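Notes to accompany the following structure.
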Number of protein chains: 2
Amino acid sequence: MSSSGKPPITIYELATHLGVSTATVSSVLANRHVERRIAEKTAKRIREAALELGYVPNMAGRRLRSHKASTRQFDLAIFTSFEAPLPLVGQALHALQRAVDVQTTTHTRYSVAIEMFHAGRLAEKPGLLEADRYHGVMITNTLHEDDAFLAQAKLPYPVVVLGRSIAGYCCVLEAPDLVGRHAVELLLGAGGQHLTVLRGRSLTHTTSNRLAAFKHTARELTGHEPIELVSEGLQPSQGAAAIDAHLAGGGKVDGLFSVTDSLTIGAYQTLKRRGYAVPDDVAVVGVGDNELAEYFDPPLTTVAGANDAMVAEAVPLLFRYLRGEKGIPQEVLTTPPVLVRASTLRRRAGQSDRGEG
Amino acid sequence: MSSSGKPPITIYELATHLGVSTATVSSVLANRHVERRIAEKTAKRIREAALELGYVPNMAGRRLRSHKASTRQFDLAIFTSFEAPLPLVGQALHALQRAVDVQTTTHTRYSVAIEMFHAGRLAEKPGLLEADRYHGVMITNTLHEDDAFLAQAKLPYPVVVLGRSIAGYCCVLEAPDLVGRHAVELLLGAGGQHLTVLRGRSLTHTTSNRLAAFKHTARELTGHEPIELVSEGLQPSQGAAAIDAHLAGGGKVDGLFSVTDSLTIGAYQTLKRRGYAVPDDVAVVGVGDNELAEYFDPPLTTVAGANDAMVAEAVPLLFRYLRGEKGIPQEVLTTPPVLVRASTLRRRAGQSDRGEG
DNA sequence: GTGAAAGCGCTAACAT
DNA sequence: ATGTTAGCGCTTTCAC
């Protein structure tokens, strides 16, 4: 209530309002009024006025004044979309934090934060274009709109972009086309004929490349277009629904690639419920963006998910920026690892005739 | 290199070092030198000196100076341990961000960050005791040592603690004992006799309560002590290893409760590999801290995991603090939801005689 | 028991 | 093409 409508207020205004000095207000607000021997009555008046007028301390002012001059502070952040799954972010955060733990000295302190924006609306994030908050950031989980915004805006501080290529920024991403290609090859190798790709409605740079490469390679190697299933979102239930609708409509599936593992989880559920065995009836390939892929039943073959590799590249790049180095690469490609697990290891030869729903 | 050993340097020092004014330095460093018509040569000298002397801008100074006086900024954070799984944090972050999105006005801006500390070493986190960084924080995933530290330190800004009770703080946590009790009841209901509890080596407030309540209730209802399996860590592989060792040694299991779902994932793997069927040979109960519990095979019955409920309580509490309200509850208990799924729904009657390894 | 004043590091308006 | 200066909001000596 008090802290909303009105414009913000400073201790100076509090002080004049009450007819006391800013020093008095400050000490009371910092709970130092005892050692300053402020009258309890005055302290009470000050606290009440602060509440009533909706006083909110200005942290920049506080920090500027009270920080030891001998401490250099680096404020780092990871920007990620609100809607994205957290694993990549978690890894990035861990890697950054680990790097920072090593670099911390008496004179140099670091803080690492995660900041979230709404997917596709990065441009609306306040303070993004000001250079007064972070010394450096990593950005990930952007959508096309965000990438377009970044390309045109050029943030005024060091940035390393994860998982997509944006002109003017240092970007770390998986080598293009490999993921989609490997997926097709694995599915064909497992005897798949009705190659199917499952993806969410909105695509990122990465997922759209995976999709395109899959379709292109499938066309090239099988001579016909693969089936493309689009789920409403990235929740398992939405993946389950997409497959279910396809099968219910008489569609066939014997080789499935999903560009996001949470969709695979839903697909597994639907397939099992409808009596399809993985991998014998349907071979499945995922991308490894769920850290539990190995524990799926059956364990999921994955063709990407080099998050740790990407992050391992990105963190040193950010530090090179912070150090002011020149000649930092604009694009670093990591090779996505292929992890073959049971979901593409067909036990019996020949392909099944399942799939007529 | 340049930014390490030496004490930090300001634009003032840069300026005197170069024989120019601070304004010149500032404008060059902010890339405003074009509109200020600084000689390219001077700009170059300044940039080089900044690099060489390891200049790092002081963000507090920048913000203080350049922020619009009409903007009130709230800096909020979630503190979590580095080692903890991210789901709870993710939910907390989402809930906070959502609350913040609603509250944002022209005059009031919010920023939400995640900050990590190393489990058990919260006390070492620099700046924790200073009130010059955050207006309010939520703390979660602490260990005993951290709780002890917090209880004795009393942070000088609004704090809401998630998932544990610490004297002197506003805490939101699941109602005690219910989780362990429900787990026992469900396992017994599914025909379990050799009640077993699986937990990681280090316990939090929450997991130790779950464990204690489980053991106590099991004793009460069965007349004997349940089996307690301790895994080295919380990784699925470590859970798998713990169960495997037990079974390899001739131990029996027909009713398993795991105080952390990632351990359940590993347990599922071992049980399947050794030919035990869930739930027919072994009923399993988890706690719902993995958002995919519903997609496990079979879907996992859970007796806790009201993360969203906890967070839903915690966020408004934090805002009440920020508003300066009095009489904020010190302890809010949420009722953990029981979600019965296939992992405790035994299809055939009677209990199996499996379990001799 | 309280006030006055200096100044943290930085930027921007106004001077040349 | 660059220097001077006035603060941003706050805490902390020092003075009374």
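Keep in mind it's a predicted model, so treat the numbers as computed, not measured. A note on names: the letters A, B, ... follow the listed sequences, proteins ahead of strands, and every chain is numbered from 1.
Under 4.0 Å is where a charged nitrogen must lie from a carboxylate oxygen, and between B:E130 and A:R63 no such pair does. Salt-bridge formation is detected for the pair B:R133/B:E115: a Lys NZ or Arg NE/NH1/NH2 atom is positioned less than 4.0 Å from an Asp or Glu carboxylate oxygen.
Using a 3.5 Å distance cut-off with no hydrogens or angles, the side chains of B:R36 and B:T24 do not pair a donor with an acceptor.
Between A:S66 and C:dC8, a side-chain N or O to OP1/OP2 separation shorter than 4.0 Å is absent. The side chain of A:R32 places an N or O atom within less than 4.0 Å of a non-bridging phosphate oxygen (OP1 or OP2) of D:dT12. For the pair B:R65 and C:dC10, the criterion of a side-chain N or O lying under 4.0 Å from OP1 or OP2 is not met. For B:T10, no side-chain nitrogen or oxygen approaches OP1 or OP2 of C:dG9 to under 4.0 Å. At the phosphate of D:dT11, OP1 or OP2 sits under 4.0 Å from a side-chain N or O atom of A:R62. A sub-4.0 Å separation between OP1 or OP2 of C:dT2 and a side-chain N or O of A:T42 is present.
Distance from the side chain of A:I38 is smallest to C:dT2 among D:dT11, C:dT2, D:dA1. Comparing D:dT5, C:dC8, C:dC14 by their closest approach to the side chain of A:L64 singles out C:dC8. Side chain of B:S21, nearest nucleotide from C:dT2, D:dG3, C:dC8: D:dG3. For A:T24, whose side chain is taken as the heavy atoms from C-beta onward, the closest listed nucleotide among D:dT4, D:dG7, C:dT2 is C:dT2. Residue A:N58 has its side chain nearest to D:dC10 when only C:dG3, D:dT5, D:dC10 are considered.
Contact between A:L322 and A:P158 at its shortest, heavy atoms only, is CD2-CG, 4.3 Å.
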